[in-house]
Amino acid sequence: MARSTLTGTRIRERRMGMRMRQADLARSVGISPSYLNLIEHNRRRIGGKLLMDIARRLEVEPSALTQGAEAALLEALRDAAAGHEAAAPELPRIEELIGRFPGWARLLADTHRRVAELERTVEMLTDRMTHDPFLSASLHEVLSTVTAIRSTASILAETEDIDRDWQDRFHRNLYDDSQRLAEGAQALVAYLDEDSAGDAQVRSSPQEEVEAYLRAQGYHVAALERNPVPGIDSLIGAAPELSSSPAQDLARRYLERYAGDAAHMPLDDFARAAAELEFDPARLAQRFGVDLGAVFRRLAAMPEERLGLPVGLVTCDGSGTLTFRKPVEGFSPPRFGAACPLWPLYQALSHPMAPVRSVVEMAGRSPRRFLTYAICQPAQMARFDGPQVLEAAMLILPEPPAAPAQGEVLAAGTSCRICPRRDCVARREPSILADGF
Amino acid sequence: MGGTVLLIEDEPNIIEAIRFILSRDGWVVHTHSDGTTAYQAVLDKRPDVVILDVMLPGRSGFDILRDIRGGAGTAALPVLMLTAKGQAKDRDLAGQIGASRFMAKPFANTDVLNAVRELAEG
């Protein structure tokens, strides 16, 4: 790479910065002013003793003259030009651009960096729109109402000989639906407003970065199943999703624990045992000599095709804040905000070390049942001389084949806001679903 | 015209609107709002065309479509699927399971009418 071609420019800048005349510098290192002039305009290469002499005279390291501070700028500009048709032929002249127009070059590089940041934010927001159960439910509500309004309105507008009774009826429907739409839209706006009020919420949280990273590989980190296990830092370094350092720390903690679980419960043995013991976490824990929490994590980390069924997992800390979310279809934990207080996860949290097994029916347009196991245990970092740190986990499996009696099914939801169970004793705030289901 | 349509949808005002436009076109319209018993309704009513909403209480429209395609007498029944999501994911799934036609809400009345006519003609 011909980065040294800019050495002359740097000499010139440094000399002018020191208010030294060209002739004086030339004389002090024993060359003619015209030769120095050629060097300063990058038309003569310079190296060896002459470079050392000039650097000493200019009171800088020789490398500052040959490499300069432009290395990062150069990289940024190359990156900006990558794949850009018009810029490609001028790529070899990139140093000339930096040399002649350092300000414009910096502007270009900064703009490029800013665009990349904004693209990331947009991606993150799009992702949130797709995965947020509250948004998805409210949008469904608004769309349904709009559909009814559109159909009804077009009947009124287009049917010439519509009879009076029908006309009245459609007018009334139109009125009801418009009111419902107004309420739905207001709730949606209020929700979005609230969310954008806190700046931190708009940005991706470290936890979301880790989740995106895990989601991309189906929550199964194949590299950690191999022997020998590769360095966790190299895995993190290779993950484009883990860009912030808090996210990297979070991922490191997660992956270290994952590697430990994988060592205690090797993939093939565990998958076979899981099928044999009918996915019973208690028997699996006994078989592998590990605690229930570890079995939950391991089941959730198995590739779905190996187990033959989808497995979800949520964990929370002592405050009830969800710290890990692996959704399954029909059971998606809220992306932010609190979950349903009836979840067995929270039952377990209030009775540390007592395992909870229950069949849960999730409220929704199409209610679905799941078999859940939950346990609350001290977190690994617990010590005798510190506060006790608890961690609860809930494993989510498909409904068991033998249907339980009605009374044994726990009626729960995702989160109060989008839950249609109006008369729920645990309701914390009203639902935004105007009509229930 | 003059065939039978079974409309499986739970939004009362959408039901009323679709029933109105199809009836005026000469169709006999039966409606059903509960997902869990929707397939039984298909067997009972023996319609020429089914209009099926994806998001139903009790059971998803995709599951009902699977039953229809798996049933001996109903495998070839024309099914127009409606969804409020209009997402590529839903459309793909509907196509895989075998929906004859797919329409995203909000739709235009004439589109529904035309789709039903075309589906009935095969």
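All chains are named by letter (A, B, ...) in the order of the sequence lines, taking the proteins before the strands, and each is independently numbered beginning at 1.
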Asks: Sort by residue number and list every residue of residues 169-178 of chain A having at least one heavy atom under 4.5 Å from chain B.
Replies: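 When heavy atoms of chain B are the reference, residues 169-178 of chain A contributes A:R169, A:F170, A:N173, A:D177 within the under-4.5 Å range.
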Asks: So, for A:A301 and A:H220, which heavy atoms are closest and what is the spacing to 0.1 Å?
Replies: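 Here A:A301 and A:H220 meet closest at O-ND1, 2.7 Å.
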Asks: Do B:D67 and B:R59 meet the salt-bridge criterion of a basic N to acidic O distance under 4.0 Å?
Replies: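 Yes, B:R59 and B:D67 are salt-bridged.
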Asks: Please report the interatomic distance CE(B:M103) to CG(B:D111), rounded to the nearest 0.5 Å.
Replies: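 Going from CE on B:M103 over to CG on B:D111, the span is 5.0 Å.
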Asks: Assess whether side-chain contact (heavy atoms from CB on, under 4.5 Å) is satisfied between A:W343 and A:T372, documenting all intermediate values.
Replies: CA-CA 9 Å; A:W343 282 6; A:T372 64; over 6 Å; no
Asks: According to the ring-ring contact (aromatic ring centres under 6.0 Å, His included) rule, which pairs have a member within residues 35-73 of chain B, sequence neighbours left out?
Replies: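 Listed once each, the pairs would be none.
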Asks: Between B:G61, B:A17, B:P12, B:S60, which residue shows the highest count of heavy-atom pairs closer than 4.5 Å to chain A?
Replies: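 Heavy-atom pair counts peak at B:A17.
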Asks: Does A:E304 reach the main-chain N or O of A:G218 with its side chain, forming a donor-acceptor pair under 3.5 Å?
Replies: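 A pair under 3.5 Å: no.
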Asks: What's the verdict on side-chain contact (heavy atoms from CB on, under 4.5 Å) for B:I18 and B:F107, showing C-alpha distance, side-chain angles and the deciding distance?
Replies: CA-CA 11 Å; B:I18 294 185; B:F107 43 75; 3.8 Å; yes
Asks: Counting only non-hydrogen atoms closer than 4.5 Å, does A:T159 touch chain B with its backbone (N, CA, C, O), its side chain (CB onward), both, or neither?
Replies: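 For A:T159, side-chain heavy atoms alone lie under 4.5 Å from chain B.
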